[in-house]
Amino acid sequence: MLARVAESMYWIARDVERADTYARLLEVSHAMALERDATIVGGRHTVWEPLVEITGDLDQFLVNHRRADERSVVWFLSLNPANTNSVVSCIRRARRNARGVRDLLPTELWEALNGIYLDLRAWPPGRISTEGVYPFCRMVRRSSHLIQGMADQTMRQDAPWHFLRIGRFLERAEKTARLLEAKFHFARPADPLAIAPVDLYHWQSLLRSAGADEAYLRMELGISSPLEIARFLIVDEYFPRSVNYCLGQVADSLDALVVADVMSVHASALVRARAARGEIMRDADRLVGSVVGSLMDRVQQRCNGIHEALDGSCFALSSHGEGGAQYAQAARQAQN
Amino acid sequence: MLFRGYQVDGSFDEMFAQAGEPRAHYADLFDGLSRFTPETFADKSELAGACYLSEGITFAHEGREHTFPFDLLPRLVAHHEWQRIDLGLRQRVRALDMFLGDIYGAQRAIHDGVVPNWLVVSCVGYMREMAGIEPPNGRWVQFAGIDLVRDDAGAWRVLEDNLRTPSGLSYVVQNRAFMRRVFPEAFAHHDVAQVDQGPLMLREALAASAPGPTDEPCIVVLSPGPLNSAYYEHAYLAQQMGVQLVEGRDMVVRNRRVYVKTTSGYEPVDVIYRRIDDWFLDPVCLRSDSLLGVPGMMAAFRAGHVAICNAPGAGVADDKAIYAYVPDLVRYFLAEEPILDQVPTYLLERESDRNYVLANLDRLVVKAVDGAGGYDILIGPHATPAERARFAARIISHPRGFIAQETITLSRAPVFLDGRFQARHIDLRPFVTYGTEPRVVPGGLTRVALREGSLVVNSSQGGGSKDTWVLAA
Amino acid sequence: MRRLLVKHKTEMVYAGKARESINELRLLPRSTPRQTVELSHIVVTPPVPVYRHFDVFGNEVAWFQVEEPHEHLVVEAHALVMVSATGLSDDAIPRHALDDPRLIDQFADFLLPSDIVDWSAVVDKFAERLELGAPTDVAAWLRNLERAVNDAIVYRQGVTGVDTSVEHVVRAGHGVCQDMAHLFIALCRRQGIPSRYISGWMYQAGRDEPSESHAWCEAWTPGVGWVEFDPTHPDPDLSYYVRVAVGRDYADVPPFRGTYVGDPTKQMLVSVEIEERASDEGALGIIPATRRAAH
């Protein structure tokens with residue numbers, strides 16, 4: 001398979017997944033901020049600053065913005081083109097990549113991606129602050145679901161599809177880990193085994209941010225303890241947003257690619273994915289509140305390691321990442 | 001009802017010998033049509049149009065995507081007529097292939113005075129880089145599209161040769177597929193030659209050109225990418241042939257060999273079916289601003305390590321002034337009389353021809369020798385005096401750039417428009433593949449000039465197409 | 001007769017790094033009736049294989065590729081050449097000998113307009129003002145044209161570029177040797193005299209200026225053959241001129257062209273060193289063995 005095409009597929013999926021995640025985070029955070037008075041200093045710290053921390057770098061953010069509050073952060077995450085990870089930037093990138101591999105994508109997938117791109121382009125920034133965040137996020141998330149659905153239902157599940165799957169689930173694993181890490185860092189539960197009623201809302205929001213609230217409640221565990229929540233989000237093998245599940249999908253697709261001879265059998269990506277998964281399962285058994293943050297930090301590093309392994313093998317020959325343009329040799333020597 | 005008001009006069013009609021009287025090979029189709037009303041036929045037509053749209057088969061023109069209008073009534077070619085066309089096309093492509101090898105090699109035809117050197121070297125498609133290079137297996141042309149028309153007496157004539165990057169094969173195959181889906185009843189009582197094998201014939205011709213002994217040559221389709229107007233066809237043919245679609249940036253030259261950049265490393269390439277213009281193939285020795293080609297590709301080609309199909313420089317044969325010499329080239333290289341007739345052509349570099357043409361611009365067709373897509377053409381009888389004067393000035397300042405031909409009233413066929421059949425001018429582009437032997441895909445692309453009275457059939461100027469049926473008996 | 005040792009060095013310095021550099025060179029002289037090449041070769045740094053072929057005009061072309069990243073690229077062409085001067089015969093050669101259709105056809109490339117050598121009403125008017133008359137005596141007409149172009153165009157560097165059109169040169173009234181050569185060629189072709197462009201080296205013996213790449217031209221004189229002219233230095237002593245490549249115009253014979261990927265070129269340095277050597281010196285001793293490229 002062409003290295004360029006593989007890399008395009010991977011990044012299309014990662015960027016769509018990222019846009020989806022950030023839209024969801026934005027929606028949940030915004031809801032939280034409404035119910036707590038977010039104008040007071042406490043609100044800023046409990047809602048907006050953590051959000052920036054999850055999606056990027058708070059210190060870097062504060063260089064360009066006076067403070068992290070509703071106005072600045074919503075803009076930053078949704079429509080700010082200067083933020084390479086804003087929703088609009090992710091969708092734009094995904095669409096550009098999709099254009100280059102159009103013949104390999106189902107027509108309806110392209111149309112869905114193109115559609116959200118055009119809708120975002122036409123969305124006036126002022127409309128978010130007047131109508132609120134909810135319509136915006138809903139639009140983005142619906143498109144993401146449509147795109148992912150199209151990929152799963154209408155594409156033949158061969159090499160290009162596998163790269164889509166790897167991109168989607170690697171991104172999801174990493175962001176779930178990030179979310180958990182940030183939560184356990186900011187919330188610092190006094191008692192990992194129980195939740196004080198005043199903090200219940202926060203943990204509900206965490207579940208919602210991870211898209212896990214309904215699934216978790218259906219397990220009838222109640223929102224009992226931070227550790228149970230953490231374990232659910234890390235380990236549950238049936239929930240498609242848990243870190244373990246996601247890494248499992250990544251490993252399965254990598255394996256399929258090796259079997260199909262698309263990826264070299266010596267490439268380390270598959271080994272790393274399996275190792276990461278094994279590590280998580282082992283550590284999750286001995287999970288205590290204090291180590292959740294550091295475990296999630298390690299998970300992110302493992303995800304990054306898998307990404308680097310892909311960059312160094314499958315995507316190595318792709319011209320995407322190579323710097324420099326093509327120049328005609330400045331050798332038009334004048335003859336005197 | 002469907003043929004209410006159908007005009008047969010004024011040109012050779014493909015379907016009717018006289019009003020209401022279909023030609024013998026169209027008789028069954030005509031009978032079958034009597035079962036339709038304008039409404040039911042219109043419904044079917046819409047279905048066919050929807051096929052193209054839903055499959056996303058579009059071409060880009062002026063920044064927007066268009067579908068290529070497809071007319072549901074097939075164009076029929078009688079068996080005995082096709083046999084002659086088939087023989088003539090194979091003969092012609094064989095001669096053109098030898099001609100190309102000669103002008104970039106021994107130049108016997110020039111030395112023997114068959115074609116003048118100045119004409120050859122002044123062709124826009126003449127590529128000095130190719131002098132002294134011999135393509136693997138000596139084959140210059142693996143795929144050709146030869147445009148044919150019928151004049152008002154119904155005689156078949158070659159209109160022009162397309163050896164650079166002829167397009168349209170994908171429509172030939174797709175049109176047939178849609179016909180089978182939407183209008184299967186039309187096939188009853190007809191024995192129609194198949195066209196699905198077209199892409200495989202092309203693949204075979206490409207594989208036969210691979211350098212060196214190899215059982216499974218690696219073939220790629222080199223495309224400028226999704227922004228190109230014909231991108232759909234590039235992707236479709238790659239898929240139908242089972243080969244990889246690549247862009248210039250997906251390949252690299254190492255040790256004067258071409259490789260594809262894959263997920264598992266460099267994969268050597270044996271044959272490049274290129275759909276990019278000659279001058280963009282290699283920025284090292286051709287257009288230095290080209291980002292579509294592969295730096296060093298020509299060196300690999302020169303070293304005999306890769307085949308480029310059709311060979312760079314084949315565009316000489318597309319030149320409309322060279323066209324005037326092709327019958328002589330057939331005689332010279334094959335020692336045979338040309339089977340296919342051409343359209344009498346005036347070479348405007350010749351003073352006598354030029355004077356005649358300038359005095360008769362209102363009756364003649366003038367074409368730029370390197371024009372493509374139907375642009376840069378003056379159809380004298382249809383032009384305004386101002387347009388004719390402008391062309392006259394261009395001819396005088398650059399006579400080598402133009403040829404003139406008598407206006408051929410192209411044949412017409414029924415096209416379903418506005419609820420009934422109306423006669424429109426058509427032409428035919430059959431496709432010839434040439435691996436070890438020239439072979440012709442039966443039929444080809446029938447192109448329709450949708451505007452009434454228009455003689456211009458190209459897609460980018462409001463043309464449409466028909467499925468073409470070569471009848472087996 | 002002169003025995004000249006030429007060292008032509010091109011050095012590219014890139015703003016950062018260059019890679020995937022593929023290039024074609026026209027820096028190898030060939031033997032002709034006027035010059036005999038004893039030795040010629042090309043050395044590239046970083047060292048890579050160099051492949052040679054002949055182009056349609058008979059010029060020897062060297063091709064090489066540097067894959068890995070590099071900050072400098074140095075190409076050195078060395079040649080040891082015996083050069084003599086030849087001139088026009090004194091007999092007047094009538095114009096109509098040029099009208100043999102077979103001759104005209106054979107030299108089509110050098111009679112038709114090319115990329116840079118083209119003409120227009122402006123150029124035609126310029127030619128009329130030179131008052132050269134019709135070339136009934138081809139040899140004399142050419143010599144007069146050489147002088148006339150030299151008089152009409154002021155030599156000035158830095159105002160024209162490698163692809164400056166002939167019309168532009170005529171309008172501006174100044175240019176360098178390349179422009180004067182192109183203009184001479186245009187005016188010849190306009191009169192039906194085949195004419196072509198020569199790129200090469202000029203030995204500036206005993207002068208303060210360094211030797212240099214130079215452009216001149218030649219025209220087909222019936223009964224004699226290709227005769228060289230230099231509008232920049234009319235009536236030249238050709239024993240100072242080493243021919244490297246011929247073509248329709250500069251675009252056919254760039255000494256060095258190609259592409260690379262990376263950072264822009266910061267600097268391009270070209271130097272030409274020519275020295276005269278005694279005819280009895282052994283050739284191998286002149287070019288150090290360690291610097292000979294292996295082909």
Side-chain angles (χ1 to χ4, degrees), chain A residues 1-10 95-111 114 156 158-160 162-163 166 254 257-267 269 309-322 325-332, chain B residues 51-58 60 65 67 170 218 220-228 230-240 243-252 254 259-267 269 280 282-296:
Chain A
M1 192 181 163
L2 290 180
R4 166 180 64 89
V5 170
E7 197 180 21
S8 289
M9 291 292 174
Y10 172 83
R95 178 186 177 269
R96 194 172 62 232
N97 276 321
R99 240 178 27 170
V101 296
R102 229 183 115 168
D103 56 302
L104 293 168
L105 296 170
T107 311
E108 289 179 84
L109 192 157
W110 161 259
E111 282 174 359
N114 197 39
R156 186 160 185 275
D158 51 14
H162 279 294
F163 279 106
I166 291 169
L254 287 170
L257 289 173
V258 170
V259 163
D261 239 350
V262 170
M263 203 164 96
S264 158
V265 90
H266 303 293
L310 287 172
D311 252 355
S313 62
C314 300
F315 307 153
L317 298 181
S318 163
S319 359
H320 273 172
E322 287 174 356
Q326 177 180 294
Y327 290 94
Q329 202 63 269
R332 315 256 264 148
Chain B
C51 284
Y52 269 94
L53 209 51
S54 69
E55 299 261 334
I57 301 173
T58 58
E65 309 244 344
T67 51
S170 59
C218 172
V220 300
V221 177
L222 173 59
S223 166
L227 298 179
N228 180 269
Y231 181 66
Y232 159 72
E233 172 154 300
H234 308 160
Y236 181 77
L237 287 179
Q239 188 227 4
Q240 292 289 305
V243 304
Q244 197 146 66
L245 178 71
V246 304
E247 293 172 29
R249 56 191 168 142
D250 295 319
M251 296 196 286
V252 77
R254 289 273 177 275
Y259 296 89
V260 185
K261 303 187 211 171
T262 74
T263 46
S264 45
Y266 292 124
E267 205 179 281
V269 178
F280 287 84
D282 185 344
V284 171
C285 54
L286 302 167
R287 275 187 67 145
S288 61
D289 59 350
S290 167
L291 298 173
L292 302 177
V294 185

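In the text below, chain A, chain B and the rest are named by the order of the sequence lines, each starting its count at 1. Basis for what follows: all heavy atoms, side chains included, without hydrogens, waters or symmetry-related copies.
For Glu108(A), the CD atom sits in a loose shell: 12 or fewer heavy atoms of surrounding residues, nucleotides or ligands are nearer than 6.0 Å.
For chain A, the nearby parts of Tyr266(B) are the backbone and the side chain; heavy atoms of each come within less than 4.5 Å. Gln239(B) does not touch chain A: none of its heavy atoms, backbone or side chain, sits under 4.5 Å away. When heavy atoms are compared at a cutoff of 4.5 Å, Tyr327(A) does not approach chain B at all. In this structure, no portion of Ser223(B) lies under 4.5 Å from any heavy atom of chain A.
Between Trp110(A) and Arg99(A), some side-chain heavy-atom pair lies under the 4.5 Å cut-off. The closest side-chain heavy-atom distance from Lys261(B) to Val246(B) is not below 4.5 Å.
Across all their heavy atoms, Leu2(A) and Leu245(B) have their closest contact at CD1-O, 3.3 Å.
Heavy-atom pairs under 4.5 Å with chain A peak, among Glu267(B), His234(B), Glu247(B), at Glu247(B). Comparing Thr263(B), Leu291(B), Val252(B) by how many heavy-atom pairs each has under 4.5 Å with chain A, the most go to Thr263(B).
Note that SG of Cys314(A) is 10.5 Å distant from OH of Tyr10(A), once rounded to the nearest 0.5 Å.
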